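Notes follow the structure.
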Amino acid sequence: MGGLNPRQEEACSYTEGPLLILAGAGSGKTRVITHRIAYLINEKSVNPYNILAITFTNKAAGAMRERVDDIVGFGAESIWVSTFHSMCVKILRRFHDRIGGQNNFTIYDTDDQKAAIKEVLRLLSFDEKQYPVRAMISAISKAKEEFLSPSDYERKVAGNYREENIAKIYREYQKRLRSNNALDFDDLIFRTIDLFMMQPEVLEMYQERFRYIMVDEYQDTNHAQFILVKQLASKYRNLCVVGDDDQSIYKFRGANIYNILNFEAEYPDAKVVRLEQNYRSTSTILDAANGVIANNEGRKDKSLWTENPVGEKVRFTRYEDDRKEAMGVTEKIFGLLTEGHRLSDIAVLYRTNAQSRMLEEQLVRENIPYSLVGGTNFYARREIRDMVGYLKCISNPADDISLSRIMNVPRRGIGDTTVNKLREYAVLKGISLYDAVLDAASVPGVSRAVGKLQAFAELMEGFRREAGEGNLSLLYRDILERTGYKAELEAEKTDESASRLENLQELLNKITDYEMREEHPTLTSLLEEISLVADSDVEEETSDRITLMTLHSAKGLEFPFVFMVGMEERLFPSGMAMDSDDPDAVEEERRLCYVGITRAMKRLYLSAAMRRMVNGSINYSEVSRFIKEIPENLIRKDGVKERGNGFGDSFGGFSRGEPYYDEWQGSTFRKKAPYETKRNQYQSFGMKKAGMPKPGMPEPAKIDYQVGDTVKHIKFGRGVVKEMERGGNDYEVTVIFDSVGEKRMFASLAKLRKI
DNA sequence: GAACCCATCATTTTT
DNA sequence: TGATGGGTTC
């Protein structure tokens, strides 16, 4: 086995029976997984068809798929590489009817859940103040993660008045989802477990199929996922789980660290392989990480080591306030550029998304291109949700939630009163809301709106017929046109409406892309992809930029140069964790810190501010305990005063370096910086507000082509520009591509290159 | 039915 | 600071 160390090799070749791979940060985990799959196929003659690899995110699944394809070659495509959720959808699309469901269910996202909960609260006359929607969603989600049905939940909380009411909400919510033929994300797992329990022969079929199972990031699994894996693996017991308890940072969303800690208790015959050699970081960085994580109790015994060079000391700087901290970071970034490093080698990590603003402002001011990971999901935008609402309605007429969303969007004179009358009628007759609309003429009290309802019903029926014909992009365009949605936005002529239109165009691109990719495109599977595939795996970023993201999002990534900012008590570790009665809360923060440190390959910059704006008011904080947990000899502290709140004589304590920036020290650097700034590089993903360009964000796309030119597109390849039309501050370009024919797109999004 | 004002409340994120 | 939601007013 080429290029594997003995431990890695052991992990690859131990194929029969339960195996726990404790893979420390940077220990070559992905390599091991892919090599293991290759070993199974090539050495053990396992049929690729019998292999299942489960990951958490689509991104991870995609990456694994790619690597497996590279290394395995023939037969690789019949390996199931999948997320928990998409695996369950596949199974339920086939067998959900065996347990009293329908196979063409809709998947509800958080927004749909919210709407459903609101209806339930109204129905049960519960006060939203006492039973906040978000808290209810998370309580229900938690119950499902623990595989508790409404009855189980009721039993568990008996005697607690409030909890009993939550149980009622849970029960009613499930009832509603069922009548809407919808499942939420947690249901996907839950119902699959149900299916396997109630239909042993279905389970057996999958057990036979998945003789070799691998689960990545096992420390992130919740109890329901644990049960599911156990069911699938119980026949052949060839279960290989890979994870690192020290990198468990998702307790808040149900991850159960005991799944990995107790793996050996669950499978007494399990073999355990520890991957402890780190190939990523300098020994200084690694020892700093080890120093921090050593403060946690209840870990699997493990010590990471490396043969990498010692490298430089970790640097810590304490600044006066958050703005100075941001300035310090940009200045150091210029320093790195002067040393000849690339922007894409640099990441700035922070604990909370709110911290990005100050950094962004500073980066824009200094013309440093960045891309922001996270932020608002594309599919969470209003216009996108509206369109997806239409599609969901068309695909599943029983989906009252989606119907309520779009019935009066754009406004067509179907007001709340009318909708309420329709609801009453639907409940009375035991039919869906949509059926009530179809039967508008017999609904009492809506007489004035009957005409409008009938027109709406006709519109929707037309869409439904069209959906049957299978041209999804055409259907989508028709919805935009015939509902008047597009016209309304076009009439608005504001920056915001222009950006919404761009987003709608982008959705069209996604649909077209889906149609081209898929052999048998259907509305159901398109919606599935939209629900299941988050937006985070957006277009591969080609240009050179630094990356800004939360520590959570950084997991699994690596960068030569890493900044961790905001190393302050109550920010990191978070105040919430510190105040929690659960002692593990701070430990989880510490694991997060460990994750952050171990992202760095060459150099790690840590910083804190004495004073920072938090939730609109100024906070004074002390240096994070995690800084103190890094062994003294590994860290260089610039101008640090350990205690103090930023008042009075605290300025005296700085020893060296320049932790305090004169307003404009940074700008002298800018002139010296030996690199060119390209305009139009600033546009970041996940802009928070649809449409509002960030202050200082440059104009979109520079366009170096015109009608008649030959251009190149990332996905569609070569094409000729047929037409260019000004739309807002952008161009709408029509291109005839060799591969896919004519396409209309926005210049700023299409990234066309003249060739 | 829509525009506006005030009060409230703030981690982390994927599916 | 800022986003969001409810209530009020036109």
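Note that this is a predicted model, so its numbers are computed, not measured. Here is the naming used below: chain letters follow the sequence lines, and residue numbers restart at 1 for every chain.
- A/Lys114 comes within 4.0 angstrom of sugar-phosphate atoms only, judged by non-hydrogen atoms across all strands, and of no base.
- The CZ atom of A/Arg357 sits 12.0 Å away from atom CG of A/Asp322, with the distance rounded to the nearest 0.5 Å.
- B/dT14 atom P lies 20 Å from atom CE of A/Met87, rounded to whole Å.
- The distance between atom CD of A/Glu217 and atom P of B/dT15, rounded to the nearest whole Å, is 12 Å.
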Pairs under 3.5 angstrom, nitrogen or oxygen only, protein versus nucleotides 6-13 of chain B, please.
from   : atom 1 : to       : atom 2 : distance (Å)
B/dA10 : N6     : A/Asn615 : O      : 3.4
B/dT12 : OP1    : A/Asn353 : N      : 3.1
B/dT12 : O4'    : A/Arg351 : NH2    : 2.9
B/dT12 : O2     : A/Arg351 : NH2    : 2.6
B/dT13 : OP1    : A/Thr550 : OG1    : 2.5
B/dT13 : OP1    : A/Ser553 : OG     : 3.4
B/dT13 : OP2    : A/Asn353 : OD1    : 3.0

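- Atom P of nucleotide C/dG6 and atom CG of A/Asp127 are separated by 11 Å, given to the nearest angstrom.
- Atoms CG (A/Asp111) and P (B/dT15) sit 17 Å apart, rounded to a whole Å.
- Between A/Phe378 atom CZ and B/dT15 atom P the separation is 16 Å, expressed in whole Å.
- Within the cation-pi definition used here (under 6.0 Å to the ring centroid, within 45° of the axis), A/Arg590 does not qualify as a partner of A/Phe572.
- A ring-centre distance under 6.0 Å is found for A/Phe252 and A/His552.
- Within the nucleic acid shown, A/Asp184 has no heavy atom closer than 4.0 Å to any nucleic acid atom.
- Within a 6.0 Å radius of OH in A/Tyr258, no more than 12 heavy atoms belonging to other residues, nucleotides or ligands are found.
- For the pair A/Lys392 and A/Tyr108, the cation-pi test (distance below 6.0 Å, angle within 45°) is failed.
- In this structure, A/Ile140 atom CD1 and B/dT15 atom P are separated by 22 Å, rounded to whole Å.
- A/Arg253 forms a cation-pi arrangement with A/Tyr250, by the criterion of a distance under 6.0 Å to the ring centre and an angle within 45° of the ring axis.
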